Amino acid sequence: MDGREELAVRFEAERGRLGAVARRMLGSTAEAEDAVQEAWLRLERVDAAELENLPGWLTTVVSRICLDVLRGRRTEPVVVEEAVDGPEAEAELVEEVGRAMLVVLDRLGPAERVAFVLHDGFAVPFEQIGPIVGRNTAAAKKLASRARQRVRGTEESAGAGAATGSARREVVEAFLAAARGGDLDALLAVLAPDVVRRADPAALPAGRPVLLRGAGAVARETRVIGRRARFAVPVLVDGELCAAIAPDGRLRLLLRFEVADGRVAGFEVVADPARLAALELSLPHQEVS
């Protein structure tokens, strides 16, 4: 086996781990595969014999490639993009990382995301993370800490007359389950008789009103357009349990609920890209590992 073949074998031994790192950083299997392949091309251009720690070198290179991709996203206009991955790849990514985690990671700044994923996900020391994100060790720790705080968030206590956290979650999940199944009876059971649905125009088919009242009308509409609910996951927004619609792990719609007496008394569908971009999302406590 010549030197190139041996290097290829050593690289293939690292490919799975590198792919996992890149998938969590980028939220895309296709982009992660591109990043890993680019790392191989860069490895071919260096003298591998001089690399004392090949796994560490590859981690650094893949991380820097991912950081560049994430920074590139921030310079693009805020638009609703098509999913990069196909349905099977997306399903595998959601299974591996979790849709809610993908949504929240997508809200982090590029350096925060890289520092958090490397340290909390793969136990990379901050001494190695610092140079990757262009910071010293202390600053890298702060990046990861800030990201961790944003991921975990703080769930607010329920006020007088409002649903408790667990009760609210049960109602929200019952609504989402009924919407996913198109179950009219279940929707009517979870909606208050005088429920009010508000929505950004971008969330609705042409001609639908931005405000709709009454359980019957709201349930029928939800049954028709509720297929998007299969992509819904609970998230926290300002400590309040909401539902993020994220078909590719990136936020497309957000449902903010008003819950009273064990039912959905009202909800708003946020679809405007500028409004979505301004939201601070975190994981419900049950989703934090």
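Worth knowing before you read on, the calculation uses all heavy atoms, side chains too, and leaves out hydrogens, waters and symmetry mates. Predicted model, so just to flag it, every value in this text is computed and none were measured.
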Please report the interatomic distance CG(Leu102) to CD(Glu96), rounded to the nearest 0.5 Å. 9.0 Å

Validation row: Leu70, Arg113 side chains within 4.5 angstrom (heavy atoms): yes

Tell me whether Glu52 at atom CD has more than 12 heavy atoms from other residues, nucleotides or ligands lying less than 6.0 Å away. no

Can you see which heavy atom on Ala32 is nearest to which on Gly19, and at what distance? CB-O, 4.1 Å

Is the ring pair Phe267/Phe257 parallel, tilted or perpendicular, if the boundaries are 30 and 60 degrees? tilted

Here's a test for you: under side chain to side chain contact (heavy atoms under 4.5 Å, CB included), which of Leu188, Val190, Leu187, Val218 qualifies with Val195? Val218

Distance in Å, Leu255 CG paired with Phe175 CZ, rounded so as to fall on 0.5 Å steps: 6.0 Å

For residues Ser63 and Ile132, report the shortest heavy-atom separation together with the two atoms involved. CB-CG2, 3.7 Å

Are Val97 and Val151 grouped together when hydrophobic residues (ILVMFWY) are joined by side-chain heavy atoms under 4.5 angstrom apart? yes

Looking at Thr59 and Pro55, would you say the former's side chain and the latter's main chain have a donor-acceptor pair under 3.5 Å? yes

Can you list the residues that meet the ring-ring contact (aromatic ring centres under 6.0 Å, His included) rule with Trp57, with sequence neighbours excluded? none

In Å, rounded to the nearest 0.5 Å, how long is the span from CE of Met101 to CG of Asp106? 13.0 Å

Ala217 versus Leu212, closest heavy-atom pair with distance: O-CD2, 3.6 Å

Beyond-backbone contact of Arg107 with Glu280, side-chain heavy atoms, under 4.5 angstrom: no

With a 4.5 Å limit on heavy-atom distance, are the side chains of Glu31 and Met25 in contact? no

Any side-chain heavy-atom pair from Trp40 and Leu7 closer than 4.5 angstrom? yes

Is it true that atom CZ of Arg148 has more than 12 heavy atoms of other residues, nucleotides or ligands lying nearer than 6.0 Å? yes

Distance col, row Leu241:CG vs Glu173:CD, nearest 0.5 angstrom, shows 7.5 Å

Hey, what do you get for CG (Asp183) to OG1 (Thr222), rounding to the nearest 0.5 Å? 12.0 Å

Val104 versus Ser282, closest heavy-atom pair with distance: CG2-C, 3.8 Å

Quick one: does Arg99's side chain have a donor or acceptor within less than 3.5 Å of a partner on Ala246's backbone? yes

Would you say the side chain of Leu253 lies within less than 4.5 Å of the side chain of Val270, judging by non-hydrogen atoms? no

If you define the side chain from C-beta out and look only at heavy atoms, does anything of Arg256 sit under 4.5 Å from Asp238? yes

Does the distance from a Lys or Arg side-chain N to an Asp or Glu carboxylate O, for Arg150 and Glu112, drop under 4.0 Å? yes

Determine the minimum heavy-atom distance between Arg223 and Gly182, stating which atoms define it. NE-O, 3.0 Å

When you measure from the side chain of Asp248 to the backbone N and O of Arg250, does any donor-acceptor pair fall under 3.5 Å? yes

Leu176 side chain near Arg180 side chain, heavy-atom distance below 4.5 Å: yes

